[in-house]
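A short worksheet on the structure shown next.
Residue numbers run from 1 in the order of the sequence given.
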Amino acid sequence: MSREGIKKVVVLGWFVKPQVTDGRVRYFFSLMKNLLQIQISNQEILSKLTIKCPKVRLVSKKISDLGTFILNQAIMVGYVLKILISLIFRKNYVNTIFHLMFPEMIWAILLPGVKIVTFHDLYAYKNFKLKNLYNLLWNLYATVCYLLAKHFCHYYVAVSDQTKRELIKRLKLDRRRIVTIYPGVNHLGPRQYIAEKKKTIAYIGRCEEKKNPEFLVQIIRELANVDDEWSFYLIGKGCSSLYNVLKEISSKVKVIYKPVVSDLELKKIYRETFCLIHPSLQEGFGFVIIEALLNGCHVIIRKSSQIPEIVKQYCIRVSSAKHAAHILTLLWKVNRGNACSRVPGNFISRFSWYNVSYRLYRLYCYVISLMFEKSK
């Protein structure tokens with residue numbers, strides 16, 4: 001393999017853009033935007049390699065999550081077949097680096113060249129104790145994807161040190177082939193422009209088993225018993241049933257449910273929210289938590305939650321729903337309307353998308369150099 005052989009990096013994530021407010025969705029599109037910007041603005045990068053991403057299609061809002069997933073998989077299969085057919089006509093893809101942003105892009109293992117895969121968390125891995133058939137089937141599929149990625153991909157990116165430890169312990173991956181690259185963070189700006197906080201709490205993300213929605217319901221119930229002036233933003237796809245449950249619990253807490261919001265609206269919600277409730281059982285990184293903290297929100301999590309310490313250290317940890325309601329009412333009395341300043345100012349620079357993108361570019365160059373050495 002010549003040094004000039006690997007000149008292209010193809011980043012594979014979404015072929016169809018989901019209509020969701022989801023950390024992994026925004027992770028992919030924010031990363032691609034910055035990778036391409038770096039490539040355009042830096043001629044040195046452009047001279048060494050070309051970074052590309054297949055076309056991403058927009059679909060109707062009427063298509064369900066399952067429909068979007070199936071469509072995404074179908075287009076990915078077509079994309080893989082197209083490349084394999086092109087090899088017959090001697091178009092060189094053999095020395096291309098393919099970066100899978102999620103293990104679910106597993107059809108890409110059929111492609112020639114070097115494969116890199118990013119792992120966000122291993123919550124779904126061999127998690128077969130669920131009562132919900134849909135989640136059980138998804139975890140089975142995810143487990144197969146993780147195992148295939150383990151055996152057919154060459155290098156691995158972990159979004160936190162916690163995820164890296166899980167990859168080594170549970171998937172038995174070679175630590176020398178794993179690199180930790182934290183995500184970047186959206187919706188940031190000068191802190192002096194963060195608006196005064198309203199008496200508002202929020203939950204942002206999918207309403208799935210991992211996010212522990214039962215504990216969220218318990219907190220709202222306890223809060224309604226001690227203070228009836230709160231408003232609650234419920235933001236995320238698949239939360240309609242949770243919204244109906246919350247409405248039945250109490251009319252005291254005003255619940256505002258929005259399955260999908262624009263980036264501009266999400267930024268506004270962050271800026272006026274006093275406290276984010278994030279009862280998740282496990283996070284690979286805690287993308288939404290960091291966004292909330294850097295927009296002046298308090299963040300409440302469970303003590304038992306498996307969240308990377310780099311994020312967890314700035315959160316308020318509670319042992320019960322009653323404890324959470326007590327903390328919320330106390331916080332509002334102590335610093336009514338003031339933005340939270342738990343995170344130090346220099347923390348922001350660690351999570352710029354530019355830095356994340358540049359680290360990935362360096363990883364691509366490192367892989368190229370290793371392949372060149374092996375070819376000697």
Tell me, please, which residues at least two apart from [X] pass side-chain contact (heavy atoms from CB on, under 4.5 Å).
{"X": "Asn244", "result": "Lys247"}
{"X": "Asp161", "result": "Arg165, Thr180, Tyr182"}
{"X": "Asn139", "result": "Ala124, Asn127, Leu130"}
{"X": "Ala321", "result": "Phe215, Gln218, Ile219, Glu222"}

Quiz item: Pairs in or reaching into residues 106-118: which pass side-chain hydrogen bond (donor to acceptor under 3.5 Å, both in side chains), with residues at least two apart or in two chains?
Solution: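 Of all non-adjacent pairs touching residues 106-118, those that pass side-chain hydrogen bond (donor to acceptor under 3.5 Å, both in side chains) are Gln73-Trp107, His99-Thr118.
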Please identify each residue that fulfils salt bridge (Lys or Arg N to Asp or Glu O under 4.0 Å) with [X], with sequence neighbours left out.
{"X": "Glu166", "result": "none"}
{"X": "Lys268", "result": "Glu272"}
{"X": "Glu265", "result": "Lys258"}

Quiz item: Who pairs with His323 by ring-ring contact (aromatic ring centres under 6.0 Å, His included), at least two apart in sequence or on another chain?
Solution: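 Result, ring-ring contact (aromatic ring centres under 6.0 Å, His included) vs His323: none returned.
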Quiz prompt | salt bridge (Lys or Arg N to Asp or Glu O under 4.0 Å): pairs with one or both residues in residues 311-331, sequence neighbours excluded | solution =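 The answer is Glu309-Arg317.
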Exercise. Hey, could you give me each pair passing ring-ring contact (aromatic ring centres under 6.0 Å, His included) that has a residue in residues 222-245? Not counting sequence neighbours.
Key: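 Every pair satisfying ring-ring contact (aromatic ring centres under 6.0 Å, His included) with a residue in residues 222-245: Trp230-Trp332, Tyr243-Tyr257.
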Exercise. Answer with yes or no after comparing the ring centroid distance for Phe287 and His120 against a 6.0 Å cut-off, counting only values under it.
Key: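 No.
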Practice problem: May I ask you to check if the distance between the SG atoms of Cys297 and Cys275 is under 2.5 Å? | Solution: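 Taking the criterion (SG atoms under 2.5 Å apart), Cys275 and Cys297 fail it, so no.
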Self-check item: For Cys53, disulfide bond (SG atoms under 2.5 Å apart) partners two or more places apart
Solution: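 Disulfide bond (SG atoms under 2.5 Å apart) check on Cys53 returns nothing, list empty.
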